[in-house]
Amino acid sequence: MNACESLSTLGPQLAAVREQFPILAQTLRGKPLVYLDNAATTQKPLAVLDAMRAFELRDYANVHRGVHLLSQRATDAFESARAKAAAFLHAASSKEIVFVRGATEAINLVAQSFARPRLQPGDEVLVTAMEHHANIVPWQMVCEAAGAKLRVLPISDGGVLDLQALPALLTTRTRMLAVTHVSNVLGTVNDVARIVQLAHAHGVPVLVDGAQAVAHLPVDVQALGCDFYVFSGHKLYGPTGIGVLWGRAEHLAAMPPYQGGGDMIRTVSFEFTTYADPPARFEAGTPHITGAVGLAAAIDCVQSLGWDAIRAHERALLELAQNELLRIPGLRIHGTVADKIGVVSFNVEGIHAHDLGTIVDAEGVAIRAGHHCAMPLMQRYGVAAMARASLGVYNTEGDMHALVRAVRKAHAMFAA
Ligand code: PMP
């Protein structure tokens, strides 16, 4: 039994869930910690920390290299983490799973290795108005190198992609579409399957940024129909420095390596080098072996909680927070779709988001304030920064009340 199995119904067993996350049981600035910055990074349960420690204490060695037993054990652990990630995404094969540092590295890999060779001057790459910088800048870089153009699918005021505008933006010059599954600012869950359908009808491959999705909803890459899907371990209750690129086998097979080094080769001479098959071709150098073990444990944890329980719990908390926040005069929530996920971003008239964040922090409530690595989205909403509270499985109704109390206090300070 894995250590998270006791957590299978969130509501009544929230105390047990929280016991899995000892970091939460502390006071900061004399107040109980209320951690609401889960979209930036999630905390790790004991099951993840224990799995990593046990691996390092007993099985750690380099992978894919040694004939010795310890290396074989480490390789088995690393490869079974790959199989776990494949099952988690419903991939057809674990050969389609490339371990990377995180979502950012995965997108850069696809931009450089898949998109760059296909781009000619005048070609276009399509992104959306709600992308994180990680899903804008890598495309901008390859566009600049190739003389191609970045085009942007707009969103409504409520934070929904304008899919009516999509067909006109899918031109004969469009070579790639990159879209987030869930917005890190608005919480909108995009209709990725529909977007893929429209893009594929024009022969355009699609990369989906799953950084904000994987901790909140089940992902089936085959049902979505996309070409690439990326996520980071540290937003899924796992460690930093490990993430996943899923790519269709036929794409990965046709892509040149992204980085050169050990583990990605078949043969090397000073005259020429031949490359390993995917996924090894894209995993130059010693990987984050222990990170992969931690990621596998994190996947076990989330799955043992169950998606319905996670969804229901987070939805109830979000509704509570939003309803209470909206009673504060001058408070505006950005992103108002009914079934949004996990985040509430807001501004309060007359208070800078950074001041809001600082005052709230003094109450022990950790939220994010800033542009959330989505400067174009801030521009779209006409603000320089927003405050954002983002939820995890361990948050409580009490956390929501603490947030609202702290924001009320900020409001009162500035109104005085
Ligand atoms: N995409 C989205 C939507 C994100 O929220 C983030 C992280 N904030 C990233 C990509 C980048 O993830 P990482 O920094 O782990 O590479």
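Positions are given from 1, in the same order as the sequence printed here. Both counts, for ligands and for their atoms, begin at 1 and track the order of listing.
- Protein heavy atom closest to atom 4 (C) of ligand 1, with residue, atom name and distance, is His132 CD2, 3.3 Å.
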Q) When you look at Arg266 and Asp277, which way does the salt bridge (charged side-chain N to carboxylate O under 4.0 Å, His left out) test go after all the steps? A) CA-CA 8 Å; Arg266 195 184 305 275; Asp277 290 334; 3.1 Å; yes
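- Those atoms of ligand 1 with a heavy atom of Ser232 less than 4.0 angstrom away are 12 (O), 13 (P), 15 (O), 16 (O).
- When the options Val343, Thr104, Asp209 are ranked by their closest heavy atom to atom 1 (N) of ligand 1, first place goes to Asp209.
- Looking only at atom types and distance, the side chain of Glu96 has no donor-acceptor partner in the side chain of Ser93 under 3.5 Å away.
- Heavy atoms of Glu131 found under 4.0 angstrom from ligand 1: none, in either backbone or side chain.
- The protein heavy atom nearest to atom 8 (N) of ligand 1 is Lys235 NZ, 2.7 Å.
- Between the side chains of Asn108 and Tyr258, no donor N or O sits under 3.5 Å from an acceptor N or O.
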Apply salt bridge (charged side-chain N to carboxylate O under 4.0 Å, His left out) to Asp300 and Lys84, showing your working. CA-CA 9 Å; Asp300 278 342; Lys84 186 142 284 178; 2.9 Å; yes
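- Closest heavy-atom approach to atom 5 (O) of ligand 1 within the set His181, Arg101, Glu105, Gln212: this belongs to Gln212.
- Residue-ligand proximity, Asn184 to ligand 1, at heavy-atom distances under 4.0 Å covers atoms 5 (O).
- Short contacts between ligand 1 and His234, defined as distances under 4.0 Å to a heavy atom of the residue, involve ligand atoms 13 (P), 15 (O).
- Around atom NZ of Lys31, more than 12 heavy atoms belonging to other residues, nucleotides or ligands sit under 6.0 Å away.
- Checked against a 3.5 angstrom limit, the closest N/O atoms of Thr180 and ligand 1 fall outside it.
- For ligand 1, the atoms lying closer than 4.0 Å to a non-hydrogen atom of Ala211 are 1 (N), 2 (C), 4 (C), 6 (C), 9 (C), 10 (C).
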Stepwise, does the side-chain hydrogen bond (donor to acceptor under 3.5 Å, both in side chains) test hold for His334 with Ser345? CA-CA 6 Å; His334 307 283; Ser345 293; over 6 Å; no
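- In this structure, Tyr35 has its ring center at least 6.0 angstrom away from the ring center of Phe21.
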